Amino acid sequence: MKLYEFQAKNILKNYGILVPQGKVISSSDDAPEVFREIGCASCVIKAQILAGGRGKGGGIQFVNTPSEAQTIASRMFGSSLVTHQTGLKGAEIKYLLIEEAVSIKKELYLAITIDRSLQMPVLITSTEGGMEIEEIALRAPENIIREPLDILFGIHPFQLRRITSKLGIPITPSSKFTNLLIKLFDVFVKNDCSLLEINPLVITSSGELCALDAKIEIDDNALYRHPEFEQFTQYQDFSQAEVLARRYRLSYISLDGSIGCLVNGAGLAMATMDMIKLHGGEPANFLDVGGDASLEQIIQAFEIILSDYRVKAILVNIFGGIMKCDVIASGIIQAVKEVGIHVPLIVRLEGTNVNAARKLLNESGLNIIPAKDMKSAADAVVKASNNGYIDR
Ligand code: ADP
Ligand code: MG
């Protein structure tokens, strides 16, 4: 789950990390009041969207009076902000963060993320703050410092010394900087982040370290142990399908194609999407019901897939390992009866009790197209999706 800047900054603040004083608003009428509350000569109005590059796209505006705050805020609300990360359609601005304008002496880049090849968190930092890391990586990769972090021990003192010296942080803020790194790693681990990016982290003119921007992504698989993040979801703009998927613990990602996929296991789901593409089709979604899906989950999975009007055919591809195929087949039959499927349904089952399962599907009287292997399943579903509706 991606967090908005104001949500990420709230977390940082709770860990004693300095962030600019600010408040989020959802109506421009509140802008003058918030400007006065902050009590600074100048404030920044920042578009809250789940994408970066807002500065360049016009999503960060400086204002100097309460009425200017209102004018700029009303212009920004409801408009669509296009940045290099949003695509051409842009992202609608529904929330604005008004915060004090900080006097910047130096901007740094700082992030912690997971390095999959090292299988551990890695700290990435650079003196070239404010710029996208991809840009620095292309132009001056030698300015990027990477430091793998020990998840159990934390950041070793020698690593802290190495990082500060490579960054050329002056002695005075250096202890503040190492304290900040320790706190940031704490935020990363305790909140199950997959990304924590502060760009820029600034040294202010009074020598303080302040997180001017904050991007946090929480590992979805760990959300169940963070009930405190539930409050964030009201802002997050999930589609109805995503809300259902979360509720029924289904791994669901909407894609652009026309073939709905219902698969058990992430690996098989990926392979299924590959097979569909190999046969010239486009998957409409990734959907993994997990290794031991219940009947209710299968029904909800069909609901989710069918809520996407672009879906022209569905492929169910299940390997009965822990689950038995006949149990899954009964689940599919019941789900089809309950949900009422109006597009061709291709089912490929393999594994324990597969013969009993095929018999159940054949005798169900439902218009289910059985496939004996993945190749023929992919072939059948691509053809069905091209032919359009089958009257049931
Ligand atoms: P984005 O990364 O989406 O462009 P940022 O929050 O990083 O948005 O803001 C872009 C730039 O705007 C920053 O690099 C910084 O120079 C300036 N900026 C952002 N917030 C403030 C602030 N509170 N005070 C002063 N300058 C700011
Ligand atoms: Mg930024």
Side-chain angles (χ1 to χ4, degrees), residues 5-24 34-46 52 54-55 60-64 97-113 122-133 135-136 140 142-147 149 154-191 193 196-216:
E5 177 192 10
F6 73 92
Q7 297 169 328
K9 280 180 167 168
N10 269 342
I11 295 178
L12 297 183
K13 209 168 149 188
N14 290 339
Y15 281 74
I17 294 165
L18 185 65
V19 296
Q21 194 197 335
K23 202 167 176 180
V24 70
V34 172
F35 184 96
R36 282 190 208 99
E37 242 176 70
I38 292 171
C40 294
S42 180
C43 278
V44 190
I45 304 194
K46 309 182 75 174
R54 297 164 302 164
I60 312 281
Q61 302 283 338
F62 286 77
V63 291
N64 298 308
L97 174 64
I98 306 190
E99 61 178 27
E100 61 176 308
V102 172
S103 158
I104 303 170
K105 201 158 89 188
K106 183 154 187 45
E107 294 188 312
L108 302 169
Y109 177 91
L110 212 153
I112 304 175
T113 186
V122 63
L123 177 87
I124 302 168
T125 178
S126 166
T127 46
E128 306 210 26
M131 233 171 287
E132 306 299 320
I133 193 71
E135 232 175 273
I136 315 170
E142 67 282 2
N143 289 348
I144 297 176
I145 300 162
R146 294 169 61 87
E147 196 69 47
L149 303 179
I155 314 181
H156 291 276
F158 75 87
Q159 292 185 298
L160 292 168
R161 286 194 295 276
R162 189 152 69 192
I163 298 161
T164 35
S165 109
K166 277 190 187 168
L167 282 174
I169 305 257
I171 298 296
T172 346
S174 107
S175 64
K176 282 185 191 158
F177 186 72
T178 53
N179 277 337
L180 177 85
L181 290 185
I182 292 166
K183 284 179 190 165
L184 283 176
F185 192 47
D186 208 24
V187 172
F188 184 85
V189 174
K190 294 217 173 102
N191 293 284
C193 299
L196 166 55
E197 187 187 56
I198 315 286
N199 185 27
L201 170 74
V202 300
I203 303 177
T204 67
S205 49
S206 55
E208 299 296 330
L209 286 167
C210 181
L212 226 56
D213 190 7
K215 191 184 273 182
I216 287 185

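Fair warning: this is a prediction, and the values are worked out from it, not measured in the lab.
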Go through the steps to decide whether Leu196 and Asn191 satisfy the test side chain to side chain contact (heavy atoms under 4.5 Å, CB included), and finish with yes or no. CA-CA 10 Å; Leu196 166 55; Asn191 293 284; over 6 Å; no

Using the side chain to side chain contact (heavy atoms under 4.5 Å, CB included) rule, take Ile98 and Lys23 through it: C-alpha gap first, then chi angles, then the decisive distance, then the call. CA-CA 6 Å; Ile98 306 190; Lys23 202 167 176 180; 5.8 Å; no

Under the criterion side chain to side chain contact (heavy atoms under 4.5 Å, CB included), I'd like the reasoning laid out for Ile145 against Ile124: C-alpha separation, chi angles, the key distance, then a yes or no. CA-CA 6 Å; Ile145 300 162; Ile124 302 168; over 6 Å; no

Step by step, would you call Thr127 with Lys106 a side chain to side chain contact (heavy atoms under 4.5 Å, CB included)? CA-CA 8 Å; Thr127 46; Lys106 183 154 187 45; 4.2 Å; yes

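With rounding to the nearest 0.5 Å, the separation of SG in Cys210 from CG in Leu12 is 10.0 Å. Remark: Ile104 CD1 to Ile203 CD1 distance equals 11.5 Å, nearest 0.5 Å. Rounded to the nearest 0.5 angstrom, Glu208 CD and Lys105 NZ are separated by 10.5 Å. A distance of 8.0 Å separates CG of Leu167 from CG of Leu110, quoted to the nearest 0.5 Å. Rounding to the nearest 0.5 Å places NZ of Lys176 at 9.5 Å from CG of Leu18. One distance of note links CD1 of Ile182 with CG of Leu160; it measures 5.0 Å at 0.5 Å rounding.
At least one donor-acceptor pair under 3.5 Å links the side chain of Thr125 to the backbone N or O of Tyr109. In this structure, Glu100 contributes its side chain and Gln21 its backbone to a donor-acceptor pair below 3.5 Å. Judged purely by atom type and a 3.5 angstrom limit, Thr164 has no side-chain atom pairing as donor or acceptor with the backbone of Ile169. At least one donor-acceptor pair under 3.5 Å links the side chain of Lys183 to the backbone N or O of Gly16. Side-chain atoms of Asn199 never come within 3.5 Å of backbone atoms of Gly129 as a donor-acceptor pair (strictly under, hydrogens ignored).
Looking at Leu184 and Leu123, their side chains never come closer than 4.5 Å, going by heavy atoms from C-beta outward. Contact check for Ser103 versus Thr204: no side-chain heavy atoms found under the 4.5 Å cut-off. Under the 4.5 Å side-chain criterion, counting only non-hydrogen atoms from C-beta, Arg54 is in contact with Asp213. Put simply, the side chain of Glu99 does not reach to within 4.5 Å of the side chain of Val19, judged on heavy atoms.
Ile216 and Val187 get closest at one heavy-atom pair: CD1-CG1, 4.4 Å. The nearest pair of heavy atoms linking Leu108 to Phe177 is CD1-CE1, 4.1 Å. Across Lys9 and Ala214, no two heavy atoms sit closer than the pair CG-CB, 3.9 Å. Nearest heavy atoms, Leu212 versus Pro20: CD1-CG, 3.7 Å. Taking each heavy atom of Leu97 and Gly22 in turn, the nearest pair found is CD1-C, 4.3 Å. Listed here is the closest heavy atom pair of Ala101 and Phe62: CB-CE2, 4.0 Å.
In Arg146, the CZ atom is not crowded: 12 or fewer heavy atoms of neighbouring residues, nucleotides or ligands sit closer than 6.0 Å.
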